[in-house]
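Okay, so here's the structure we're looking at.
Computed from a prediction, not measured in an experiment: that's the story for all the values here. In what follows, chains carry the letters A, B, and so on, assigned in the order in which the sequence lines appear, proteins first and then strands, with residues in each chain numbered from 1. Just so it is clear, the values below take in all heavy atoms, side chains as well, and ignore hydrogens, waters and symmetry mates.
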Amino acid sequence: MGRSPCCDKVGLKKGPWTPEEDQKLLAYIEQHGHGSWRALPAKAGLQRCGKSCRLRWINYLRPDIKRGKFSLQEEQTIIQLHALLGNRWSGIAAHLPKRTDNEIKNYWNTHLKKRLNKMGIDPVTQKPKTNALGSATGNPKDAATLSHMAQWESARLEAEARLVRESKFVGSSSSSSSSSSSSAPQHTSNTV
DNA sequence: AAACGGTCCAACCGCAAACAG
DNA sequence: ACTGTTTGCGGTTGGACCGTT
């Protein structure tokens, strides 16, 4: 199998992109589309590997990207979908069309994970950590946590139902194989 | 004003799935 | 059916920036 040489090739640039490089990449894609990412750098006159170009385009240059702070709505969506999909960032990003998976991943790791931790919720399972459940402490914070949990749980179920509906739709429109129709095209099954 | 520590984000790395011959 | 190549994804890291001491 061998991995593609990609960035191992000598002479290829790494690190932050310059405005000139951005310009070249943008201009090329606007004119020709990205086509084969592997062939793109040479055609566009860039000393980068295709992988790097693809990443730069997807995460930064694409015109339909919304940058800046996440809204409350977006935040909630991410939390709900993360409960459903786990670390399937691309899947989550598919429900936030103007956000990239990288951005969502960063936001989760830097903001949401910590926040859930603070609230006594395990960010991985999104279930209350043991001592949060055993709120024998009588701490009002725990009550708040539980109430949040209830909210999330219902939101989670709702999102799950929606996903199932959507994937059925996708499955039926793209044909036959009913066994696989309940899963997303690339990421199989909702492993929760 | 400088040093230090923490936070955030862009970009890289390596793996696995998908695709093509 | 098999093998090699390309693409896409998730995890991780480096460094710039910002707040605190």
Side-chain angles (χ1 to χ4, degrees), chain A residues 1-26 28-29 32-44 46-72 74-75 77-119 122-126 163 167 170-171 174-177 179-192:
Chain A
M1 267 287 156
R3 281 166 42 70
S4 52
C6 189
C7 310
D8 303 343
K9 269 189 186 169
V10 283
L12 290 187
K13 207 182 151 195
K14 288 205 256 182
W17 280 66
T18 64
E20 290 76 25
E21 288 176 311
D22 280 347
Q23 194 51 51
K24 278 185 185 175
L25 180 58
L26 197 57
Y28 181 86
I29 291 179
H32 306 95
H34 61 72
S36 161
W37 284 112
R38 193 170 170 77
L40 184 146
K43 290 181 185 169
L46 288 161
Q47 301 296 312
R48 297 270 181 178
C49 67
K51 212 172 182 179
S52 180
C53 293
R54 178 185 156 270
L55 208 66
R56 183 63 176 172
W57 170 254
I58 288 176
N59 288 334
Y60 199 85
L61 295 176
R62 248 177 17 185
D64 59 336
I65 288 179
K66 175 179 165 190
R67 309 188 68 79
K69 276 196 76 173
F70 280 74
S71 69
L72 205 63
E74 287 174 316
E75 226 173 68
T77 306
I78 293 170
I79 292 170
Q80 287 165 18
L81 289 172
H82 187 270
L84 260 181
L85 304 172
N87 292 359
R88 300 206 180 288
W89 306 116
S90 58
I92 296 173
H95 291 263
L96 295 161
K98 298 191 170 180
R99 300 290 190 176
T100 68
D101 53 358
N102 204 35
E103 206 178 1
I104 292 169
K105 180 170 64 184
N106 279 333
Y107 190 69
W108 175 265
N109 286 328
T110 56
H111 293 85
L112 297 178
K113 208 159 129 184
K114 275 180 210 160
R115 201 181 305 169
L116 291 183
N117 260 327
K118 255 189 194 168
M119 296 172 75
D122 180 11
V124 180
T125 62
Q126 299 209 16
L163 270 181
S167 60
V170 169
S174 75
S175 95
S176 52
S177 67
S179 63
S180 62
S181 70
S182 63
S183 57
Q186 290 202 347
H187 293 291
T188 46
S189 84
N190 298 328
T191 45
V192 183

Tell me: [atom1] of [X] to [atom2] of [N], nearest whole Å?
{"X": "A:K69", "N": "B:dC9", "atom1": "NZ", "atom2": "C1'", "value": "16 Å"}
{"X": "A:L40", "N": "C:dG8", "atom1": "CG", "atom2": "P", "value": "12 Å"}
{"X": "A:R38", "N": "B:dC19", "atom1": "CZ", "atom2": "P", "value": "18 Å"}
{"X": "A:I58", "N": "B:dA11", "atom1": "CD1", "atom2": "P", "value": "13 Å"}
{"X": "A:N109", "N": "C:dG11", "atom1": "CG", "atom2": "C1'", "value": "9 Å"}
{"X": "A:R99", "N": "B:dC9", "atom1": "CZ", "atom2": "C1'", "value": "13 Å"}
{"X": "A:L12", "N": "B:dC12", "atom1": "CG", "atom2": "C1'", "value": "13 Å"}
{"X": "A:L55", "N": "C:dG10", "atom1": "CG", "atom2": "C1'", "value": "12 Å"}

Original post:
Got a sec, which residues hit side chain to side chain donor-acceptor pair (under 3.5 Å) with A:N106, two or more places apart in sequence or on another chain?
Top reply: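 Once residues adjacent in sequence are excluded, A:N106 has no partner under the side chain to side chain donor-acceptor pair (under 3.5 Å) criterion.
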Look at the side-chain N and O atoms of [X] and state whether any lies under 4.0 Å from the OP1 or OP2 oxygen of [N].
{"X": "A:R48", "N": "B:dC12", "answer": "yes"}
{"X": "A:S36", "N": "C:dT6", "answer": "no"}
{"X": "A:R56", "N": "B:dA10", "answer": "no"}
{"X": "A:N87", "N": "C:dG11", "answer": "yes"}
{"X": "A:W89", "N": "C:dG8", "answer": "no"}
{"X": "A:R54", "N": "C:dC9", "answer": "yes"}
{"X": "A:T110", "N": "B:dT7", "answer": "no"}
{"X": "A:W108", "N": "C:dG10", "answer": "no"}

Any chance you could measure [X], atom [atom1], to [Y], atom [atom2], to the nearest 0.5 Å?
{"X": "A:I65", "Y": "A:E103", "atom1": "CD1", "atom2": "CD", "result": "7.5 Å"}
{"X": "A:R99", "Y": "A:I92", "atom1": "CZ", "atom2": "CD1", "result": "14.0 Å"}
{"X": "A:I29", "Y": "A:W37", "atom1": "CD1", "atom2": "CH2", "result": "4.0 Å"}
{"X": "A:N109", "Y": "A:W89", "atom1": "CG", "atom2": "CH2", "result": "6.0 Å"}

**OP:** Please evaluate the base of B:dG14 for a donor-acceptor partner in the side chain of A:K51 within a cut-off of under 3.5 Å?
**Re:**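 Flag set: donor-acceptor pair detected.
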Side-chain donor-acceptor pairs of residues 53-61 of chain A under 3.5 Å, sequence neighbours excluded:
{"from": "A:R56", "atom 1": "NE", "to": "A:D22", "atom 2": "OD1", "distance (Å)": "2.8"}
{"from": "A:R56", "atom 1": "NH2", "to": "A:D22", "atom 2": "OD1", "distance (Å)": "3.3"}
{"from": "A:R56", "atom 1": "NH2", "to": "A:D22", "atom 2": "OD2", "distance (Å)": "2.8"}

Subject >> Side chain of A:H111 (C-beta onward), nearest among C:dG11, B:dA10, B:dC9 >> reply: B:dC9
**OP:** Please work out if A:N106 contacts a base, only the sugar-phosphate, or nothing of the nucleic acid, heavy-atom cut-off 4.0 Å.
**Re:** base
**OP:** Give A:N59 one of three labels, base, sugar-phosphate or nothing, depending on what nucleic acid heavy atoms sit under 4.0 Å from its own.
**Re:** nothing
Original post:
Using purine N1 to pyrimidine N3 plus N6-O4 or O6-N4 for Watson-Crick, or N1-O2 and O6-N3 for G-U wobble, both under 3.5 Å, which nucleotide pairs with C:dT5?
Top reply: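 In the structure as shown, C:dT5 has B:dA18 as its Watson-Crick or wobble partner.
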